[in-house]
2 protein chains.
Amino acid sequence: MKRAGLQRGVGVALWRQIADGIRQGIASGLADQDGRLPPENQLAERFGVNRHTVRAAISALAHEGVLQSEQGRGTYVRRQKRLVYPIGERTRFSAGLGGQARETRSEMTSHAREPASEPVASALGLQPGETLIRIENRGTADGMPVSRSTSWFSAERFPAIPEAYARTGSITEALIECGVEDYRRASTRVEARHADEVDTRELKLAPGAIILITHALNTDLDGQPIQYSMTRFAADRVELVVESSRSAATGDQTRPA
Amino acid sequence: MKRAGLQRGVGVALWRQIADGIRQGIASGLADQDGRLPPENQLAERFGVNRHTVRAAISALAHEGVLQSEQGRGTYVRRQKRLVYPIGERTRFSAGLGGQARETRSEMTSHAREPASEPVASALGLQPGETLIRIENRGTADGMPVSRSTSWFSAERFPAIPEAYARTGSITEALIECGVEDYRRASTRVEARHADEVDTRELKLAPGAIILITHALNTDLDGQPIQYSMTRFAADRVELVVESSRSAATGDQTRPA
DNA sequence: CCAAGTTGTATATTGATCTAGACAAGTAGA
DNA sequence: TCTACTTGTCTAGATCAATATACAACTTGG
């Protein structure tokens, strides 16, 4: 068996394509039960390249923390499954990942006041130029960065939200302190892009990695928009699950080949 | 202004990063009102590279159909906006893209009977090994391929569905003929990956392009699963919008910078 | 027509990527 | 211990990617 879908001369080095291939392959049983990868020679044959090219890929993944090579023994997998991030009416960060990691955290990295740009204002039902509070946030699971989000709130309605968020470590808690008992996700738009330099740094991504981007609008129970946020997820560590509200579906956690 | 987020020595050629950068930049006003790109020298300076490197990027995008260069005049943009594909309880292909393109089509490329794999069976609430009908499909908008989907149906319940689909050109119509008056989307899982060789060919993608993948389960009005499908979207031509069921949100079509 | 600005082509040089082959160094099992 | 298998290192050459420089070909506006 040769050439598992590699493309030459397209601006992406073979070793990088192979690295991506191995990373994906791990999810679908490339490694054996002990987490041991096939030997380099075998991988080289499977991908139809020289062993050194495979070594470059493995080296990149090792540097990235996915693999670990041991001379004479083999190459072993370190991390495994992607986290499942549910999107629905009651989407919340920590609750969503609950149980899938030993420890999930959501921490504010910075906040600022700024005038509303046109699209954000329109989403929040405000006038462009009205003052907003912008909160930058990073979500981690077991110490590994998972997402990076930017949220906007009306500065008039929620002047104290950065302080409350910093203190409680939870948007939900902070909103309660600001008088919002509960809220719901009104809409979510999903797109995918290559990670830029900042993403790569902040999310500890492999260069050329993919990010999933959600643009979300949260409203209070009266349907009044209160939070607009854009979240960037590391696509190789997270997948999004959209839940329709009326019923939890039967088999939606499974993944077909 | 220099270096708009390029990374060297990471296995992705600069010209490809620049091509991706230009493609994105087009969406946010890189070209002027006539669709004319800044001259190559200016782009080279902005990206902090040699003019030839920019030319390689432009050449790739031209080959891809996004740009068109004219000697002495400049380089012009051909395609523009991404289609918006709504995901909600009543997700249907043609209806979803309605109005955004002159002509949308959904055509069956092949179909077959096969035993149910474990995950598909579990999603559909069947036993692994039961016979399924698999339908491969391609969605196009104005002749440009947009999505590629694989759907599975119970062969026992819907023996005539390939024939009905081929005749009507619509899953919804075909299901009506098979006795399903209406159906709803129970769950959707979204992930993102690099396009593989087949995607690149079938969707006419640029090498290294991104695809959005949805795994969806449709049920009839009794909640009985009837269709499981996996759809691959060209991420640079489509974005997904998740609609919560109770209300259509106010500003969810807008896109913040 | 002319000048300025643009894309197209050519050549040369340097570094990154990929291949090829050989052997060293470590591990595990017979 | 010995052998088979694995990862690690080294050298050499071929091809791709990026830079640098120069000039040709074409378009537009004066």
Side-chain angles (χ1 to χ4, degrees), chain A residues 2-22 30-32 34-63 66-78 206-208, chain B residues 2-22 30-32 34-63 66-78 206-208:
Chain A
K2 289 196 130 202
R3 302 295 235 90
L6 297 193
Q7 305 166 301
R8 285 165 195 259
V10 297
V12 183
L14 290 183
W15 64 262
R16 172 134 297 284
Q17 297 183 52
I18 292 169
D20 295 340
I22 291 176
L30 176 63
D32 69 9
D34 302 337
R36 184 178 189 250
L37 232 56
E40 297 172 350
N41 270 320
Q42 213 164 305
L43 288 172
E45 195 185 2
R46 175 184 310 201
F47 285 109
V49 299
N50 190 273
R51 177 177 156 234
H52 292 294
T53 311
V54 168
R55 281 181 61 74
I58 289 176
S59 159
L61 291 171
H63 199 264
V66 178
L67 298 180
Q68 182 172 17
S69 292
E70 293 170 36
Q71 187 170 2
R73 284 175 34 92
T75 301
Y76 293 82
V77 177
R78 289 186 128 173
Chain B
K2 288 196 130 202
R3 304 294 237 88
L6 297 193
Q7 306 167 300
R8 285 165 194 259
V10 298
V12 183
L14 290 183
W15 64 263
R16 172 133 295 286
Q17 298 183 53
I18 291 169
D20 295 340
I22 290 176
L30 176 61
D32 69 9
D34 301 337
R36 184 178 189 248
L37 233 57
E40 296 171 351
N41 270 320
Q42 213 165 305
L43 288 172
E45 195 185 1
R46 177 184 308 200
F47 285 109
V49 301
N50 189 272
R51 177 176 155 235
H52 291 292
T53 311
V54 168
R55 280 180 62 74
I58 289 176
S59 159
L61 291 172
H63 199 266
V66 177
L67 297 180
Q68 181 172 18
S69 293
E70 293 171 36
Q71 186 169 3
R73 284 175 34 91
T75 301
Y76 292 81
V77 178
R78 289 185 126 175

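Treat the numbers as computed from the prediction; the structure is a model and nothing was measured. Every chain is numbered from 1, with letters handed out A, B, ... down the list of sequences.
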On DNA chain C, more 5' by nearest nucleotide between B:L37 and B:H52 is B:L37

If you assign B:Q42 and A:V49 each to the DNA chain C nucleotide with the nearest heavy atom, which residue ends up on the more 5' nucleotide? B:Q42

For the residue pair B:Q17 and B:L14, establish whether any side-chain heavy-atom pair is separated by less than 4.5 Å. yes

Please tell me if the side chains of A:I58 and A:L43 come closer than 4.5 Å, counting only heavy atoms from C-beta onward. yes

Looking only at heavy atoms, what is the nearest atom pair of [X] and [Y], with distance?
X     : Y     : value
A:W15 : A:A57 : O-CB, 3.2 Å
A:G35 : A:A31 : C-CB, 3.8 Å
A:R16 : A:A60 : NH2-CB, 4.4 Å

Nearest to the side chain of [X], which nucleotide is it out of [options]?
X     : options              : result
B:P39 : D:dA18, C:dT6, C:dG8 : C:dT6
A:A13 : C:dG8, D:dT9, C:dT17 : C:dT17
A:T75 : D:dT7, C:dT7, C:dC18 : D:dT7

Where along nucleotides 24-30 of chain C does protein come under 4.0 Å, by heavy atom, of base (B) or sugar-phosphate alone (S), with - for untouched nucleotides? -BBSS--

Only one of B:L37, B:T75, B:I22 clears side-chain contact (heavy atoms from CB on, under 4.5 Å) with B:L61; which? B:I22

Check whether any side-chain N or O of A:D34 sits under 3.5 Å from a backbone N or O of A:R36 as a donor-acceptor pair, and report yes or no. no

Counting distance only, does the side-chain N/O of A:E40 pair as donor-acceptor with the main-chain N or O of A:V54 below 3.5 Å? no

Find the distance [X]:[atom1] to [N]:[atom2] and express it as a whole number of Å.
X     : N      : atom1 : atom2 : value
A:L67 : D:dT7  : CG    : P     : 11 Å
B:E40 : D:dC26 : CD    : C1'   : 13 Å
B:F47 : D:dA18 : CZ    : P     : 13 Å
A:R16 : C:dA16 : CZ    : P     : 16 Å
A:L43 : D:dT7  : CG    : P     : 8 Å
B:W15 : D:dC16 : CH2   : P     : 12 Å
B:N41 : D:dT21 : CG    : P     : 13 Å
B:N50 : C:dT11 : CG    : C1'   : 13 Å

Interatomic distance, A:N41 atom CG to A:R46 atom CZ [nearest 0.5 angstrom]: 13.5 Å

Rounding to 10°, can you tell me the angle the first-five-pair axis of the helix from C:dC1-D:dG30 to C:dA30-D:dT1 makes with its last-five-pair axis? 30°

Looking at the base of D:dG8, is there any donor atom on it, or on the side chain of A:R51, that sits under 3.5 Å from an acceptor on the other one? yes

Does B:T53 make a side-chain N or O approach to OP1 or OP2 of D:dT19 shorter than 4.0 Å? yes

